[in-house]
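Just so we're clear, the structure is a prediction, and the values are computed from it rather than from any experiment. Side chains included, hydrogens not; waters and symmetry mates left out as well; all remaining heavy atoms used.
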Amino acid sequence: MRDLQGQAAIVTGAARGIGRAICLELAEHGANILATDLLADALNETAQLVRAKGVGCETMVANITDPAAVDKLVATAVEKFGKLDIMVNNAGITRDTLILSMTEEQWDAVINVNLRGVFLGTQAAAKVMLRQRSGRIINMASFSGLSGNAGQANYAASKAGVIGLTKSVAKEMGKRGVLCNAVAPGFIETDMTAVLPEKVKEAAKQIIPLQRMGRPEEVAKVVAFLAGPASTYLTGQVISVDGGLHM
């Protein structure tokens, strides 16, 4: 189904994992993609896969915590594609440790990328979308932001912040036709979870009602739904894609 034919999307954290899957799913629906990440080689691999689906794909190595870089990202999308319909703030990092062991650097690094980066991306995209009186902003939260998680105080706080930001933006911008929603993945098979010890992953599966970890493609399909014509009356929502972990 090409229900996003000709639309323009920016996806941050697009080099691998959930970000790459989002790029491919949006491309499958016909959207042109500006993919950004700090991992240049993997980003180029994403672009090749996207272009193979018959849509346009530009890449930019950019630091999403730098306002000038984010402004350039949005300006480039508008220059290349003539508009910006979809902004997916997906990029994120972890620096897991217990709160008593957590350094200020670990706290600041995660908040800076996961929350400040989403703020900057949302703000820059909104400037274009408000003029267009249309657009979809989709932010990547996490079940940790809904439930908290031991050893992830920084990550959980950043994702809870993303949820609050998402709801506030939805209230501010709905009257101008801009929808803002969040997706909250649970345990997904990515490079981020691959480093977890096997006993941790097995323990996680035992508390997930579906008894398995999710796939990046399963998250990407929800993002495509939020970007598409079936979600025109949906804003300020947090959709959990976690096999029933948070309910």
Side-chain angles (χ1 to χ4, degrees), residues 1-14 18-36 50 53 55-58 64 70-71 73-92 115 117-142 159 162-185 216-241:
M1 179 174 16
R2 309 287 277 190
D3 53 1
L4 299 176
Q5 188 72 42
Q7 292 198 24
I10 294 174
V11 181
T12 71
I18 293 173
R20 175 178 287 184
I22 291 169
C23 289
L24 294 174
E25 185 67 25
L26 294 179
E28 190 72 33
H29 286 255
N32 299 308
I33 310 292
L34 174 52
T36 184
V50 169
K53 294 186 177 293
V55 300
C57 185
E58 302 290 332
I64 61 163
V70 175
D71 286 342
L73 190 66
V74 171
T76 300
V78 174
E79 176 187 345
K80 296 294 184 180
F81 304 129
K83 57 179 179 173
L84 177 59
D85 302 292
I86 304 157
M87 179 73 188
V88 183
N89 291 302
N90 167 73
L115 185 54
V118 174
F119 157 68
L120 291 174
T122 297
Q123 188 178 63
K127 292 175 183 177
V128 175
M129 292 177 176
L130 288 172
R131 290 197 299 269
Q132 295 173 167
R133 301 188 73 88
S134 68
R136 309 291 177 91
I137 298 172
I138 303 163
N139 298 325
M140 200 57 60
S142 168
K159 295 302 186 177
V162 167
I163 290 169
L165 172 64
T166 298
K167 291 178 178 291
S168 298
V169 170
K171 290 184 176 181
E172 289 183 20
M173 300 184 183
K175 61 186 176 183
R176 298 287 292 275
V178 179
L179 311 183
C180 186
N181 292 288
V183 177
E217 295 77 14
E218 293 175 305
V219 179
K221 288 183 183 299
V222 175
V223 172
F225 162 73
L226 291 172
S231 63
T232 52
Y233 200 57
L234 192 66
T235 195
Q237 303 305 305
V238 182
I239 301 180
S240 295
V241 187

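With sequence neighbours excluded, the residues satisfying side chain to side chain donor-acceptor pair (under 3.5 Å) with Asn139 are Asn89, Thr166. A search for side-chain contact (heavy atoms from CB on, under 4.5 Å) contacts involving Ser231 returns Arg136, Phe225, Leu234, not counting sequence neighbours. For Ser240, the side chain to side chain donor-acceptor pair (under 3.5 Å) test picks out no residue, with sequence neighbours left out. Here Glu28 pairs with Lys53 under the side chain to side chain donor-acceptor pair (under 3.5 Å) rule; sequence neighbours left out. Lys127 pairs by the side-chain contact (heavy atoms from CB on, under 4.5 Å) definition with Gln123, Arg131, not counting sequence neighbours. For Leu120, the side-chain contact (heavy atoms from CB on, under 4.5 Å) criterion is met by Pro67, Val70, Arg116, not counting sequence neighbours. With sequence neighbours excluded, the residues satisfying side-chain contact (heavy atoms from CB on, under 4.5 Å) with Ala125 are Leu84, Met87, Met129. By the side chain to side chain donor-acceptor pair (under 3.5 Å) test, Arg20 pairs with Glu45, Thr46, sequence neighbours left out. With sequence neighbours left out, Lys83 forms a salt bridge (charged side-chain N to carboxylate O under 4.0 Å, His left out) with Asp85. With sequence neighbours left out, the salt bridge (charged side-chain N to carboxylate O under 4.0 Å, His left out) criterion links Lys167 to no other residue.
Pairs engaging residues 219-238 under the salt bridge (Lys or Arg N to Asp or Glu O under 4.0 Å) rule: Glu25-Lys221 [sequence neighbours left out]. Listed by first and then second residue, the side chain to side chain donor-acceptor pair (under 3.5 Å) pairs that reach into residues 1-13 are Arg2-Gln5, Asp3-His29, sequence neighbours excluded.
For Asn90 (side chain) and Gly13 (main-chain N/O), a donor-acceptor pair under 3.5 Å exists by modelled atom type. In this structure, the side chain of Gln132 engages the main chain of Ser134 through a donor-acceptor pair within 3.5 Å.
Taking both residues in full, the closest heavy atoms of Ala170 and Thr235 are given as CB-OG1, 3.4 Å, listed atom of the first, atom of the second, then distance. Nearest heavy atom pair, residue Ala227 against residue Leu4, reads O-CD2, 3.4 Å.
Under the 4.5 Å side-chain criterion, counting only non-hydrogen atoms from C-beta, Thr36 is not in contact with Leu34.
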